[in-house]
Protein chains: 2
Amino acid sequence: MNGTTPRRRGRPPRTEAAGTRDRILTAAREEFSARGYEKTSVRGIAKAAGVDPALVHHYFGSKEQVFEAAVEVAFAPALNASDAVADGPPDGVGERLTRFVLGVWENPATRTPLLAIVRSAVNNDTAAAVFRRLIAAQLMRRIAAPLDLPDAELRAELAAAQLVGTAMLRYVIRLEPLASADLEQLVARLAPVVQHHLTAA
Amino acid sequence: MNGTTPRRRGRPPRTEAAGTRDRILTAAREEFSARGYEKTSVRGIAKAAGVDPALVHHYFGSKEQVFEAAVEVAFAPALNASDAVADGPPDGVGERLTRFVLGVWENPATRTPLLAIVRSAVNNDTAAAVFRRLIAAQLMRRIAAPLDLPDAELRAELAAAQLVGTAMLRYVIRLEPLASADLEQLVARLAPVVQHHLTAA
């Protein structure tokens, strides 16, 4: 924040600051979704939000930190739902996790930002690191914690791998017959495998 | 092929043509690996191969067709090996397929072009279509054919999804503890699941 942009003295009032921060986050999500991590710039996000680039740096820091904040907001509902996945009866965790992951991908509103995150993470090491921190530290540990088994984290990741791979081939590559397979047929085939990874002796 | 580049009359001798074609293919693989599908141009491939762009069009056609030829060459050893995966005893197909896929990813020489293909397919619909044609039509059908079960192709794709997802999280996103897990430990956990997808009643 140097003096090139005229600003009032002191902090903006709380509600105005929250509004600006949200506007930047929304613009960031749209820019990262449309262009991917590498082609998105702090300047472009600022322009889309109608603010000075210095304000983006002020609220979030670097481009990586804006990305992390945008991904965190996009994932917040999923992380809340993951508590319900982890906390129910252990013998149904495979089906709950399968329905949860496929449900996020079936819904176009959540599929689009998720696809942007996956594309960024596959193409850019910085975006991959954000993906690791959020998914690994939060989603995987929540799933693994109640299992109370040796190798619980590896088990959770191999269960996730089945679902990540299914999502890749069905929604991204659109391989047939998987891309057109009935959702309940997929749940019936996948849930026992996910359950096996998570809880089999 | 218009007359802007001086050429001898008639076809070049077979050996010379094969040498030029191979040089273009090698350059194409390197360009696609380094830049991804979208940023690679026929002009750039021609430059790297030291030939006129018209010659790239002459041998391969469009950029999509050069990509398909480059991917096909990169996958040829894998497709040959997949016969051995499909043709052995049915009760070992899960372990053979698991070792085969993880082996391709463990080897840096095959991991690099594969990573380039995956990145291109995730980011570009044309590259995804090439991936579908080669992987679906060839690899998946070879695995599915000897199973002789209803839904054999869907089964093969869900088995592949387990291995694709594992490769994504282990080699691309590098999620721990999966990224550092012992290969034999992974085979022990994955082979029964892959076998289940392929042959369980």
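Chain letters run A, B, ... following the sequence lines, proteins first and then strands; every chain starts at 1.
A donor-acceptor contact shorter than 3.5 Å links the side chain of Arg170(B) to the backbone of Ala181(B). Of the possible polar contacts, none joining the Arg43(B) side chain to the Pro53(B) backbone as a donor-acceptor pair under 3.5 Å is found. A donor-acceptor contact shorter than 3.5 Å links the side chain of Arg23(B) to the backbone of Ala49(B). A distance-only check finds a donor-acceptor pair linking the side chain of Glu176(A) to the backbone of Ser180(A) [under 3.5 Å].
If you measure heavy-atom distances from Arg155(A) to chain B, the contacts under 4.5 Å come from the side chain alone.
The side chain to side chain contact (heavy atoms under 4.5 Å, CB included) check on Ala160(A) picks up Met140(A), Leu169(B), with sequence neighbours excluded. Every residue meeting the ring pair (Phe, Tyr, Trp, His ring centres under 6.0 Å) condition with Tyr171(A), not counting sequence neighbours, appears here in chain and number order: Trp105(A).
Inter-residue side-chain proximity for Leu175(A) and Phe131(B) is flagged as unmet; no heavy-atom pair is nearer than 4.5 Å. Between Phe60(A) and Leu25(A), the closest side-chain pair of non-hydrogen atoms falls below 4.5 Å. Proximity of Val130(A) to Arg133(A): side-chain heavy atoms (C-beta onward) are separated by under 4.5 Å at one or more points.
A cation-pi geometry, defined here as NZ or CZ lying under 6.0 Å from the six-membered ring centre and within 45° of its normal, holds between Lys63(B) and Tyr37(B).
Considering only heavy-atom pairs separated by less than 4.5 Å from chain A, the leading option among Val172(B), Leu154(B), Val164(B) is Leu154(B). Highest contact tally toward chain A, considering only Pro177(B), Ala200(B), Ala128(B), is held by Pro177(B) [criterion: heavy-atom pairs under 4.5 Å].
The interface of residues 115-125 of chain B with chain A, defined by heavy-atom distances below 4.5 Å, comprises Arg119(B), Ala121(B), Val122(B), Asn123(B), Asp125(B). Heavy-atom proximity under 4.5 angstrom to chain B picks out Leu186(A), Arg189(A), Leu190(A), Val193(A), His196(A), His197(A) from residues 186-199 of chain A.
Gln65(A) and Ser62(A) form a side-chain donor-acceptor contact under 3.5 Å, judged by distance and modelled atom types alone.
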